[in-house]
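So the structure is just underneath, and the comments pick up after that.
Remember, it's 1-based here, ligands and their atoms both numbered in the order they're listed.
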Amino acid sequence: MAPNPKKAAGERAADYVNNDMIVGLGTGSTAYFAIVRLAERIRREGLRIRCIATSERSATLARELGISLTSFAEVLQVDITIDGADEVDPAFNLIKGGGGALLREKFVASASETELIIVDEGKLKRRLGAFPLPVEVVPFGWQLTRQRLQALGCDATFRSSDNGPFVTDNGNYILDCSFGTLDDPPALEREIVGICGVVECGIFTGLATRIIVGKPDGSLEERTEPGILG
Ligand code: 5RP
């Protein structure tokens, strides 16, 4: 069977987790493999951890696998979070939110000492922007929020699901904003989150501390310092 780069990266990431850590569980098809591997380590090695999930989907998976969950009612700091990304640039800027979990993902990342990002090679970009930028907005007046976002130079598409609007775990909507290449991700992030009606945006800057890249041949590349990957 051909190697699965997402699985390889996810499983490697789970090696960084030690006893008594508070662990952030990411969302998506790559984070899935890290969560499954953590559950295996709990069963086989008796690994003692408590986790905070970045989405209801990941919380459900964790519960099904017997991983114990905690919340910010009990802990205010996270030792390590393992999460995927939609794009990663050489400066460790990210686009996230393809799965619609960007608000909790950024919240948990901002509380984490180590933010470990796991991706396959196709997510590595010299410049961000080919992937439309997810922006979480409050339902009230979202049409005006879209107009304000479009004034920044994007085409903003309302995200739908099979049953109508895509609604986030926080009861909000997502606008997928096609800006094209992002010249200055940190500046754009600041501009977007400054718009009234925007809850959070999928540009993550200054949060990732380690990137693990899964390659098609099953090998891995890891970096803790910004620089060209891949
Ligand atoms: C969810 C995310 C995911 O991390 C991102 O979409 C990558 O997902 P996948 O690992 O399935 O490619 O940001 O909101």
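- Within the listing of ligand 1, atoms 4 (O) sit less than 4.0 angstrom from a heavy atom of G84.
- Considering only heavy atoms from C-beta on, I95 comes within 4.5 Å of L182 through its side chain.
- Of all the atoms in ligand 1, the ones that sit under 4.0 Å from a non-hydrogen atom of T30 are 9 (P), 10 (O).
- Checking only distances, A31 never comes within under 3.5 Å of ligand 1, N or O to N or O.
- Residue-level proximity to ligand 1 for P134 is absent, since no heavy atom of it falls below 4.0 angstrom.
- By the neighbour-count criterion of 12 heavy atoms within 6.0 Å, atom CD of E74 is densely surrounded, having more than that number from other residues, nucleotides or ligands.
- When the heavy-atom distances from atom 11 (O) of ligand 1 to G122, S29, A34 are ranked, the shortest goes to S29.
- On a distance-only criterion, G28 and ligand 1 share no N/O pair closer than 3.5 Å.
- Close contacts between ligand 1 and T27 involve ligand atoms 1 (C), 2 (C), 3 (C), 4 (O) [criterion: under 4.0 Å to a heavy atom].
- Of all the atoms in ligand 1, the ones that sit under 4.0 Å from a non-hydrogen atom of K123 are 7 (C), 9 (P), 12 (O).
- In this structure, the side chains of E11 and V36 stay at 4.5 Å or more apart for every pair of heavy atoms.
- Atom 1 (C) of ligand 1 has its closest protein heavy atom at E105 OE2, 3.0 Å.
- With contacts defined as side-chain heavy-atom distances shorter than 4.5 Å, the pair I35/I67 qualifies.
- Residue D86 has at least one heavy-atom neighbour below 4.0 Å for each of these atoms of ligand 1: 5 (C), 6 (O), 7 (C), 13 (O).
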Criterion salt bridge (Lys or Arg N to Asp or Glu O under 4.0 Å) on D89 and K125, from CA distance to verdict | CA-CA 5 Å; D89 79 5; K125 308 287 172 187; over 6 Å; no
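- Applying the 6.0 Å contact sphere to CD of E225 captures no more than 12 heavy atoms from other residues, nucleotides or ligands.
- The 12-atom threshold is exceeded at CZ of F179, counting heavy atoms of other residues, nucleotides or ligands nearer than 6.0 Å.
- For ligand 1, the atoms lying closer than 4.0 Å to a non-hydrogen atom of G100 are 14 (O).
- Assignment of G26 to the shell around ligand 1 is not supported, since no heavy atom sits closer than 4.0 Å.
- In this structure, the side chains of V167 and N172 stay at 4.5 Å or more apart for every pair of heavy atoms.
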Salt bridge (Lys or Arg N to Asp or Glu O under 4.0 Å) evaluation trace for D120 with K215 = CA-CA 6 Å; D120 59 87; K215 308 280 184 83; over 6 Å; no
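- In V119, neither the side chain nor the backbone holds a heavy atom less than 4.0 Å from any atom of ligand 1.
- Taking all heavy atoms of G10, G202, S58, A101 into account, the minimum distance to atom 14 (O) of ligand 1 is reached by A101.
- Close contacts of ligand 1 with G97, meaning ligand atoms under 4.0 Å from a residue heavy atom, involve 2 (C), 13 (O), 14 (O).
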Show me the side-chain donor-acceptor pairs of residues 187-201 shorter than 3.5 Å, one per line, residues at least two apart or across chains.
| from | atom 1 | to | atom 2 | distance (Å) |
| --- | --- | --- | --- | --- |
| E189 | OE1 | T205 | OG1 | 2.6 |
| E189 | OE2 | K106 | NZ | 2.7 |
| E200 | OE2 | K106 | NZ | 2.8 |

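- Which parts of ligand 1 touch D83 is read off a 4.0 Å heavy-atom cut-off, strictly below it: atoms 4 (O).
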